[in-house]
Amino acid sequence: MSDKRVYSDNPRVLAVQTLAKIKNGAYSNLQLNQVIKQHQLSEADKRLLTTLVYGVIQHRMTFEYWLAPFVGDKKIDAWVRELLYSAIFQMKFLDKIPEHAIFNESIEVAKILGHVGTGKYVTAILHNIGRQGLRNISEIKEPIQRLSIERSLPIWLIEMLISQNGEEATRAMLETINDAPKQSIRVNTTLASDEEVEQALAAEKFTTVKSRVAAHAYIVSGGHVASSKAFHDGLLTLQDESAMLPVESMRLTENVKTILDAAAAPGGKTTQIAQFVGENVTITALDIHEHKIKLIQSNAERLHVTEKIRTRVLDARKVPTEIEQKFDRILVDAPCSGFGLLRRKPEIRYDKTLTDVENLAHLQFEILDSVSQNVTDNGMIVYSTCTILRQENDDVITKFLLKHSDFELVPTQTSKNLKPNRSEDVLHVYPNDYQTDGFFVATLQKKMSTDNV
């Protein structure tokens with residue numbers, strides 16, 4: 001069997017090709033956006049392509065369990081497996097497509113990407129599934145293993161979440177972990193008001209709903225908003241609602257003049273800072289990779305905020321030795337495992353291990369520890385991650401405060417006053433709280449030096 005290098009605008013063919021590439025290490029969201037840009041697809045085909053790609057990745061362990069009895073020990077090409085998974089996904093999750101249509105379309109894809117023999121093999125498997133049905137997950141006796149197959153998450157991650165949050169809270173979280181990610185935008189208030197962006201998107205047949213999580217934010221449906229004129233003109237940018245919270249919590253008052261974004265790429269939060277500060281404020285944006293610095297610059301140019309942002313290739317751990325300047329505000333949106341992004345980057349669950357989490361926690365502490373030396377008295381560090389594991393969140397903050405008695409943890413504030421009755425100063429946003437990405441935000445304030453008192 002061979003995956004022919006064919007060009008096709010058939011969304012099912014594109015889905016299988018995209019899934020095979022993601023299986024080889026590509027990020028789902030980046031790969032999917034690239035495919036959409038390269039092909040002439042209707043909005044309906046874009047939706048089908050997106051649904052198939054995310055659906056198969058999100059439920060991969062479930063599909064593996066269902067398909068195993070029909071494949072046995074036979075070795076099949078990765079793309080054929082992805083094709084069979086996509087057929088099962090349509091059967092189980094897309095109730096508007098008749099089974100015979102799913103079978104016919106899948107067999108046709110097999111012929112396009114393979115040969116007659118591939119088509120016959122896929123035909124036999126699908127007809128066997130149609131006759132025999134798929135085995136019930138409830139047959140799995142061990143509760144955690146059953147939950148693992150049901151929600152398509154590794155056992156170690158489920159056990160970790162239960163140990164940190166309890167079984168009831170974890171099950172509630174996992175109920176929503178495979179929901180389709182929402183398309184959310186942030187209004188670029190330097191160019192347009194919320195109302196003007198609403199009108200611009202309405203003119204392009206998009207539907208907008210105001211966010212209940214972040215300011216100047218909307219949930220958008222009705223098309224691929226990154227293809228819109230409003231996006232091209234810089235009136236808005238794509239950003240998850242919860243990803244806007246770290247900048248909201250920076251308390252960007254008029255007294256704030258110097259800001260460091262220590263791990264800035266691709267620049268979503270850097271440009272968000274830029275739209276909320278005055279013309280005389282300088283934002284220094286760092287990243288360790290040159291190509292990612294270019295992403296920051298590109299985003300800043302599209303949003304017309306380049307004059308406020310100074311980019312530099314630098315490992316944030318080297319800030320004390322490479323930068324003499326002190327900053328009123330420092331944002332550490334730290335590199336993390338990304339387990340809060342399971343809806344948007346579902347492949348993360350299969351790639352990351354507990355060792356990765358522990359290594360990242362060490363790196364996060366090193367960054368936080370280093371940049372803290374460049375904070376002005378009474379200045380603040382906002383530390384954030386897009387993960388839901390405490391090793392990378394609470395534990396990093398606890399370790400930092402044990403070492404730095406000159407800092408204190410202060411309540412994280414957001415424009416919509418999220419979770420006002422929480423008992424902790426940090427902010428945990430879980431995927432089931434607001435149907436957003438999972439996020440963690442902590443706000444650290446440097447105490448006034450006794451020399452200045």
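Ring geometry for H404 versus F400: interplanar angle under 30°, hence parallel rather than tilted (30 to 60°). Ring-plane geometry between F63 and F93 is classed as perpendicular, the angle between the planes exceeding 60 degrees on a 0 to 90 degree scale with a lower cut at 30.
In this structure, F89 CZ and L94 CG are separated by 4.5 Å, a value rounded to the nearest 0.5 Å. The NZ atom of K205 sits 13.0 Å away from atom CD of E43, with the distance rounded to the nearest 0.5 Å. Note that the CZ atom of R422 and the NE2 atom of H428 stand 9.5 Å from one another [nearest 0.5 Å]. One distance of note links CD of Q183 with CD of Q239; it measures 13.5 Å at 0.5 Å rounding.
D287 meets the salt bridge (charged side-chain N to carboxylate O under 4.0 Å, His left out) test with no other residue; sequence neighbours excluded. For H362, the ring-ring contact (aromatic ring centres under 6.0 Å, His included) criterion is met by no residue, not counting sequence neighbours. Residues meeting the salt bridge (charged side-chain N to carboxylate O under 4.0 Å, His left out) test with K403, sequence neighbours left out: D369. With sequence neighbours left out, K447 forms a side chain to side chain contact (heavy atoms under 4.5 Å, CB included) with E408. Looking at residues two or more places apart in sequence or on another chain, you find a side chain to side chain donor-acceptor pair (under 3.5 Å) between T412 and T443. Here T353 pairs with D356 under the side chain to side chain donor-acceptor pair (under 3.5 Å) rule; sequence neighbours left out. Among residues two or more places apart in sequence or in another chain, the side chain to side chain contact (heavy atoms under 4.5 Å, CB included) test is passed with Q413 by R251. Qualifying side chain to side chain donor-acceptor pair (under 3.5 Å) partners for E167, counting only residues two or more places apart in sequence or in other chains: R171. For C386, the side chain to side chain contact (heavy atoms under 4.5 Å, CB included) partners two or more places apart in sequence, or in a different chain, are C336, L341, F439. Scanning for salt bridge (charged side-chain N to carboxylate O under 4.0 Å, His left out) contacts around D406 gives an empty result, with sequence neighbours left out. In this structure, K352 has no salt bridge (charged side-chain N to carboxylate O under 4.0 Å, His left out) partners at least two apart in sequence or on a different chain.
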Discussion item. Run S415 and E248 through side chain to side chain donor-acceptor pair (under 3.5 Å) and show every step you take.
Written reply: CA-CA 6 Å; S415 63; E248 287 192 359; 2.9 Å; yes

Practice prompt. Report the C-alpha distance between Q391 and L354 in whole Å, list the side-chain angles of each, state the deciding distance to 0.1 Å, and finish with yes or no for side-chain contact (heavy atoms from CB on, under 4.5 Å).
Written response: CA-CA 10 Å; Q391 289 95 323; L354 182 56; 3.8 Å; yes

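Between the side chains of N374 and Q325, no donor N or O sits under 3.5 Å from an acceptor N or O.
Within the structure, side-chain hydrogen bond (donor to acceptor under 3.5 Å, both in side chains) pairs that include any residue of residues 47-63 comprise R60-E82 (at least two apart or interchain).
Taking 4.5 Å as the limit, every side-chain heavy atom of D233 sits out of range of all side-chain heavy atoms of L191. Side-chain contact check for D328 versus N255: every heavy-atom pair is 4.5 Å or farther apart. When side chains are defined from C-beta on, I162 counts as touching I144, because their heavy atoms get closer than 4.5 Å. In this structure, the side chains of E198 and V187 stay at 4.5 Å or more apart for every pair of heavy atoms.
Around the NZ atom of K257, the shell of radius 6.0 Å holds more than 12 heavy atoms that belong to other residues, nucleotides or ligands.
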